[in-house]
Enquirer: 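This is the structure I have questions about; it appears just below.
Please read these numbers as outputs of a predicted model, since none were measured by experiment. So that the names make sense, note that chain A is the first sequence line, chain B the second, and so on, each numbered from 1.
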2 protein chains.
Amino acid sequence: MAGIAEVAARAGVSKATASRALSGTGYVSDATRERVRRAADDLGYVPSAGAVSLATGRTQTIGVVMPYVNRWFFAEVLEGIQRSLLERGLDLTLYDAKPGTEGRARIFDDFLARKRFDGLIAVGLEPVNQELERLTRIGRPIVSVVGDGEETSVVAVDDDYAARRATEHLIGLGHRDIAFVGGAPESHWAHVDQQRLAGYQRAMNDAGLADRVRHVHSPVTMPGGYAASVDLLGDARRRPSAIVGVCDEVAIGTIIAARRLGISVPSALSVVGIDDHEFADMFALTTLQQVPREQGTAAVELLLAEIADPPRARTRLRIPSRLIVRNSTAPMDGIDPGAPLL
Amino acid sequence: MAGIAEVAARAGVSKATASRALSGTGYVSDATRERVRRAADDLGYVPSAGAVSLATGRTQTIGVVMPYVNRWFFAEVLEGIQRSLLERGLDLTLYDAKPGTEGRARIFDDFLARKRFDGLIAVGLEPVNQELERLTRIGRPIVSVVGDGEETSVVAVDDDYAARRATEHLIGLGHRDIAFVGGAPESHWAHVDQQRLAGYQRAMNDAGLADRVRHVHSPVTMPGGYAASVDLLGDARRRPSAIVGVCDEVAIGTIIAARRLGISVPSALSVVGIDDHEFADMFALTTLQQVPREQGTAAVELLLAEIADPPRARTRLRIPSRLIVRNSTAPMDGIDPGAPLL
DNA sequence: TTGAAAGCGGTACCAA
DNA sequence: TTGGTACCGCTTTCAA
């Protein structure tokens, strides 16, 4: 309840001086600063956020928009962002913008327009045109995590590369019958998934396996990958010898399906994912690592820089990912496609 | 950028009238209101959050504190909260307070003290005494999700009951050798886990199986449950015929471990969890359902009521959970403890 | 180095 | 039913 006026009174100075002493802006003698500080402490003074933001135009808050919080990647990015902001004393306001919901429309139409933040981080948002327009007219710095937007700065891994590398790993092991699992039919499709499929296709083409390209649709979730894989692997005749999952969640779904069906991984089926999910180790999943937490912290740094020092050109931070070989992939040689059991 | 003054000017009224017309407070003729509305629309007027909160003392924001966002339960609760707030036009500020981190200390010492919210929802926080003290001195309504706190209103399932019911289900199937997996050594231990262990113990006692009580420690995660279960199930002689997981994540870890070891579920091992996790169906897990999303929305309703109409007595909302029988539990009769294979 | 005072953009009381 | 005006609590010129 104590305001800066009381702090000033107690320290025997004016509000102006108290403000300067506390915020570290402008000239204040060391002695006074000390006195003001002590007064503030004694009174348990906490500045009123509303007043500060009214006076300065800064909210000390960063907005985060994402379509999910309950998927590994998003939750990890969120944690990374949160940690960075915490260190800097900034608040985080979360907007959960699920595609195709009216809540999402409200977020773009109402919530974001309020500008209750100094900058915005958009994680895997994949805004459609109209949404993009809303975003840019906010007039606050924006950093995207994931995506290809020209409109904002971006932090992302090279999805095309990751999938290509994953596929090449399998090809290197002698596999030729390699399917790509995950992602919806091409029409309404996430950009990441497209990039990864493209990387897979490129690797297949480059190896002269263009005719073996096979894309199995599936929701990008563990249960989704599981269901799709039960289908795919059910018929021994159509079964590939290796699978690239669009992400670890799908790849793990595949492994679970394989175990369910008594197909041994990796001796009868190789599986590779992209992510290095927290469960990857438990399933001995070979994967292309990305560290979303670091993408989150990188996004914060980039955003704060753009807030402090207005937007020159857009920055594009492409993060490399490396192959982590565990035990879900094996050379083709040993495979007996007819052998279904563990 | 347009302020209420410009809206007022355009509508040919005073700021006061414009404010009343827009906020719906106080008398305004229909004609004027209409005129003001139109003016606001034309100008794309959006009130400044800082000014509003300075003037009214309300932030139109709800704070949410939780120790994790990357675990199923927490993410679901968060989504429930988010959805409710979205409908009401309220912002959500997230505080990620991981136990034992210095970030957590900062949250309690600095962030929460700023009161940048009209009310607070604490999800599975399990505050220690000093933290609790901080919480109460904020002087804003607080609702807890999970927990037993006397200090705040609470929304939670009856954990003791859920675990008891789960255990009774197994006992009813003829199992006697039932272990409880999950939770740290008693010392620094989450309240939920304690309650659930207690429920398990009670059911065992009531069935005259007190001497069979067995608590296997494990991190409350899927990989944690997996690792602990590999240990537990590895030695056929010590192997129980059934397991109660402290939550679905642990129970699923157990199932995965069992499959890994070639122990068939449910014919050689019954497993029951608590949650009805999104993966429960995929693993055919029998479980006691809770719907965290609904706990989130309930918490919002409770909190808003307390904000609107100050805190009479603390409310305690205990949500019942029901048994969902899938295919991870089976009668004891058929079990041949010696038979390890699928 | 410090203080007085004018905003920042609304809300709400009091008169008219 | 409407308008004038005093705040809300802090920052920031501008003078002293």
Enquirer: Donor-acceptor pair, distance only, cut-off 3.5 Å: does the side chain of B:Gln60 make one with the backbone of B:Gly89?
Expert: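 No, B:Gln60 side chain to B:Gly89 backbone: no donor-acceptor pair under 3.5 Å.
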Enquirer: What's the shortest heavy-atom distance between A:Lys115 and A:Thr59, and which atoms?
Expert: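 That would be O-CG2, 4.1 Å.
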Enquirer: Salt bridge or not for A:Asp30 and A:Arg33, using N-O below 4.0 Å?
Expert: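 Salt bridge: yes.
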Enquirer: Go through the structure and list residues passing side chain to side chain contact (heavy atoms under 4.5 Å, CB included) with A:Arg318, not counting sequence neighbours.
Expert: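 For A:Arg318 the side chain to side chain contact (heavy atoms under 4.5 Å, CB included) partners, ignoring immediate neighbours, are A:Ala156, A:Asp158, A:Arg316.
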Enquirer: Any donor-acceptor pair under 3.5 Å linking the side chain of B:Glu34 with the backbone of B:Ala31?
Expert: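 Not at all, since once roles are kept as given, no pair shorter than 3.5 Å links the two residues.
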Enquirer: Considering only distance and modelled atom types, tabulate donor-acceptor pairs under 3.5 Å from the side chains of residues 105-113 of chain B, sequence neighbours left out.
Expert:
{"from": "B:Arg106", "atom 1": "NE", "to": "B:Asp110", "atom 2": "OD2", "distance (Å)": "3.3"}
{"from": "B:Arg106", "atom 1": "NH1", "to": "A:Leu86", "atom 2": "O", "distance (Å)": "2.9"}
{"from": "B:Arg106", "atom 1": "NH1", "to": "A:Glu87", "atom 2": "O", "distance (Å)": "3.0"}
{"from": "B:Asp109", "atom 1": "OD1", "to": "B:Arg134", "atom 2": "NE", "distance (Å)": "3.0"}
{"from": "B:Asp109", "atom 1": "OD1", "to": "B:Arg134", "atom 2": "NH2", "distance (Å)": "3.2"}

Enquirer: Report each atom pair, protein N/O against N/O of nucleotides 3-8 of chain C, whose distance is under 3.5 angstrom.
Expert:
{"from": "C:dG3", "atom 1": "OP2", "to": "A:Ser14", "atom 2": "N", "distance (Å)": "2.9"}
{"from": "C:dG3", "atom 1": "OP2", "to": "A:Ser14", "atom 2": "OG", "distance (Å)": "3.3"}
{"from": "C:dG3", "atom 1": "OP2", "to": "A:Thr17", "atom 2": "OG1", "distance (Å)": "2.8"}
{"from": "C:dG3", "atom 1": "N7", "to": "A:Arg20", "atom 2": "NH2", "distance (Å)": "2.7"}
{"from": "C:dG3", "atom 1": "O6", "to": "A:Arg20", "atom 2": "NH2", "distance (Å)": "3.3"}

Enquirer: Between A:Ser48 and D:dC10, does any side-chain N or O lie under 4.0 Å from OP1 or OP2?
Expert: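 For D:dC10, neither OP1 nor OP2 has a side-chain N or O of A:Ser48 closer than 4.0 Å.
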Enquirer: Please report how far the helix from C:dT1-D:dA16 to C:dA16-D:dT1 bends, comparing the axis fitted to its first five pairs with the axis fitted to its last five, to the nearest 10 degrees.
Expert: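 Rounded to the nearest 10 degrees, the bend comes out at 40°.
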Enquirer: Establish, with yes or no, whether the OP1 or OP2 oxygen of D:dG3 is under 4.0 angstrom from a side-chain nitrogen or oxygen of B:Tyr27.
Expert: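 Indeed not, no polar side-chain atom of B:Tyr27 lies that close.
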Enquirer: Here's a test of your reading of the structure: between A:Ser23 and B:Val28, which maps to the more 5' nucleotide of DNA chain D?
Expert: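 Its nearest nucleotide being more 5', the pick is B:Val28.
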Enquirer: Could you tell me which non-hydrogen atom of B:Leu132 sits nearest to which non-hydrogen atom of B:Pro127, and how far apart they are?
Expert: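 It is CD1-CG, 3.5 Å.
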Enquirer: Please report, rounded to the nearest Å, how far the P atom of D:dC8 is from the CD atom of B:Gln60.
Expert: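 The distance from CD of B:Gln60 to P of D:dC8 comes to 20 Å, rounded to the nearest Å.
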Enquirer: Can you tell me if A:Thr101 and B:Arg83 form a side-chain donor-acceptor pair at under 3.5 Å?
Expert: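 Side chains of A:Thr101 and B:Arg83: no pair found under 3.5 Å.
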Enquirer: Mind jotting down which residue pairs meet the ring pair (Phe, Tyr, Trp, His ring centres under 6.0 Å) criterion with at least one end in residues 45-81 of chain B? Sequence neighbours excluded, please.
Expert: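 Applying ring pair (Phe, Tyr, Trp, His ring centres under 6.0 Å) to every pair that reaches into residues 45-81 of chain B, excluding sequence neighbours, yields B:Tyr68-B:Phe74, B:Trp72-B:His277.
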Enquirer: Which residues in residues 29-39 of chain B have a heavy atom closer than 4.0 Å to any atom of DNA chain D?
Expert: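 Contacts with DNA chain D under 4.0 Å: B:Ser29, B:Thr32.
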